[in-house]
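Reading through the structure tokens given below for one structure.
We name chains A, B, ... by the order of the sequence lines, and we start the count at 1 in each one. All of these numbers come straight from a predicted model, not from anything done at the bench.
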Protein chains: 2
Amino acid sequence: MDETPATPIARPSLHDTIVNRIRSMIYDGDLKPGEKVPEKMLCETLGISRTPLREALKVLASEGTLELLPNRGARVARLTAEDVDEMFPVMGALEGLSGELACAKATDADIAELRALHYQMALHHTRAERAEYFAINQKIHEKIMAVAGNDLLVTMYEGLAGRIRRARYISSITSGRWDEAMAEHEEILAALEARDAPRLAAILKGHLRNKCEAVKEVLRSDGKSDEAAA
Amino acid sequence: MDETPATPIARPSLHDTIVNRIRSMIYDGDLKPGEKVPEKMLCETLGISRTPLREALKVLASEGTLELLPNRGARVARLTAEDVDEMFPVMGALEGLSGELACAKATDADIAELRALHYQMALHHTRAERAEYFAINQKIHEKIMAVAGNDLLVTMYEGLAGRIRRARYISSITSGRWDEAMAEHEEILAALEARDAPRLAAILKGHLRNKCEAVKEVLRSDGKSDEAAA
DNA sequence: AACCGGAATTATGCATACAATTTTTTAGCA
DNA sequence: TGCTAAAAAATTGTATGCATAATTCCGGTT
């Protein structure tokens with residue numbers, strides 16, 4: 001009979017659902033960094049037994065989303081400044097790669113779409129509409145990733161970006177840094193339109209510095225309130 | 001009381017042991033790609049119950065080492081040419097980053113150590129001692145990673161390298177490509193000694209191409225025998 | 001003889017139960 | 001009153017058992 005080992009039929013298994021559910025709880029702030037997460041509590045919240053829950057906890061721990069202390073339960077991983085300092089260079093390398101690949105693979109339609117997003121974002125920038133700006137900003141970077149056409153790259157980048165996203169750094173960007181970021185985006189678009197891979201890679205790589213500083217800023221101010229909670 | 005939330009005490013938990021044990025079984029070839037892995041069998045082999053085993057399987061699946069088919073058990077993930085084509089650019093970006101960071105952080109002692117390894121490897125090259133060459137080759141890349149001083153980078157790179165390592169590509173490198181790789185290593189050492197970060201990054205990035213081709217070569221020839229086993 | 005359909009078997013998914021470790025409470029003592 | 005220690009409670013780690021889905025095997029049919 002004809003086996004299909006290459007296409008294992010991706011059905012939405014209950015298990016991934018739990019993992020994603022807990023991840024969302026963490027990203028949405030229902031579970032706060034440093035907070036202890038008793039299994040019993042999560043079981044009741046999610047209406048499941050401990051067995052599948054614990055399987056999910058193990059997966060989340062291997063992703064770095066949770067910390068698992070032997071015999072002492074799970075806690076939401078706290079994002080330290082050291083973590084951030086390690087994460088951003090890696091994200092920079094990955095995002096740089098996305099730029100390189102995107103230059104090679106982008107169709108004219110892709111570039112047109114990015115151009116549209118860019119100018120829409122620029123509009124939000126001039127209007128000082130933070131939330132809207134950041135929403136489009138994220139879309140642009142996701143689009144570049146998508147154009148790069150490397151699923152592994154997307155997975156790894158999203159894994160890191162997700163961990164960062166908990167720190168709501170949006171509000172903390174200064175207007176000076178914001179202008180700078182917007183200027184960098186002009187260069188991003190220009191490099192992409194010129195399909196200048198090395199240049200785009202370099203810009204994207206450096207572009208993250210703004211984000212890095214903003215995140216660390218949040219950590220500094222936010223860390224204290226967390227201490228109190230713990 | 002003095003809490004220590006920053007230092008969660010890394011004791012060797014049983015779970016990680018199981019995960020590492022199964023990973024080793026896969027990397028060592030005890031479990032072959034595409035092979036179905038019945039839980040019962042592994043339970044008896046490892047002398048444990050299904051519960052902790054299943055937790056380990058979930059973790060390995062999230063790493064990409066295993067494929068988990070809902071209601072149909074686990075199988076060792078088969079490395080396809082497409083997978084390799086996605087993995088190598090990412091590994092290149094990560095290795096490039098390691099070079100950049102290493103240039104910035106390497107002490108003279110680090111460089112001396114790498115120089116020693118390099119010339120030892122060169123000797124094995126001239127003697128056509130494949131296994132010894134590759135052993136040192138790996139040590140060099142690991143050392144550069146270590147010097148870079150970014151644990152996350154190491155973790156992510158090792159995760160990918162581990163998946164590749166199953167394909168025993170060592171034997172398949174042609175002598176032409178081997179010479180090429182050795183020449184690149186000369187450049188690697190030179191760039192590091194000059195602490196030329198961009199150059200080292202670029203060389204390391206390109207250097208992987210040899211490895212990529214060798215791996216794909218193995219996959220082509222090796223895939224057929226796997227088919228028969230399945 | 002080959003193909004289709006259904007029962008028996010097997011394996012997986014989940015829940016519960018038991019064992020071991022940690023944390024908290026409480027009793028005893030200096 | 002404050003500290004130590006032991007016992008109780010709670011929580012995690014592991015094993016087992018039941019329910020469900022998938023695979024296999026067997027009999028019937030065309």
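- Separating the CG atom of A/L68 from the P atom of D/dG13 is a distance of 7 Å, rounded to the nearest angstrom.
- A salt bridge is defined here as a Lys NZ or Arg NE, NH1 or NH2 lying under 4.0 Å from an Asp or Glu carboxylate O, and B/E55 with A/R54 meets this definition.
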Give the C-alpha distance, both sets of side-chain angles, the deciding distance and a yes or no for side chain to side chain contact (heavy atoms under 4.5 Å, CB included) between B/L204 and B/H141. CA-CA 9 Å; B/L204 283 171; B/H141 289 287; 3.9 Å; yes
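- A salt bridge does not link A/R75 to A/E35: none of the charged side-chain nitrogens sits closer than 4.0 Å to a carboxylate oxygen.
- For the pair A/R72 CZ and D/dT11 C1', the interatomic distance rounds to 12 Å; values are reported in whole Å.
- A donor-acceptor pair under 3.5 Å is absent between the side-chain atoms of A/D85 and the main chain of A/E82, judged by distance alone.
- One atom, CG of A/L69, and another, C1' of C/dT23, lie 14 Å apart when rounded to the nearest Å.
- Computed from coordinates, the A/E39 CD to C/dT16 P distance equals 15 Å when rounded to whole Å.
- Rounded to whole Å, the distance from CG on A/L14 to P on C/dA15 is 8 Å.
- Regarding B/L42, its CG atom lies at a distance of 14 Å from the C1' atom of C/dT12, rounded to whole Å.
- Rounded to whole angstrom, the span from the CG atom of B/N71 across to the P atom of C/dG13 amounts to 5 Å.
- Rounded to whole Å, the distance from CG on A/L66 to C1' on D/dT12 is 15 Å.
- Each of A/K58, A/R163, A/R23 was evaluated against A/E63; a single residue qualifies, A/R23, per the side-chain hydrogen bond (donor to acceptor under 3.5 Å, both in side chains) test.
- If you check residues 44-65 of chain A against DNA chain C, the residues with a heavy atom closer than 4.0 Å are A/I48, A/S49, A/R50, A/T51, A/P52, listed by number.
- The closest side-chain donor-acceptor pair between B/T17 and B/N20, if any, does not fall under 3.5 angstrom.
- When heavy atoms are screened at a 4.0 angstrom cut-off, B/H15 is found touching the sugar-phosphate backbone but no base atom.
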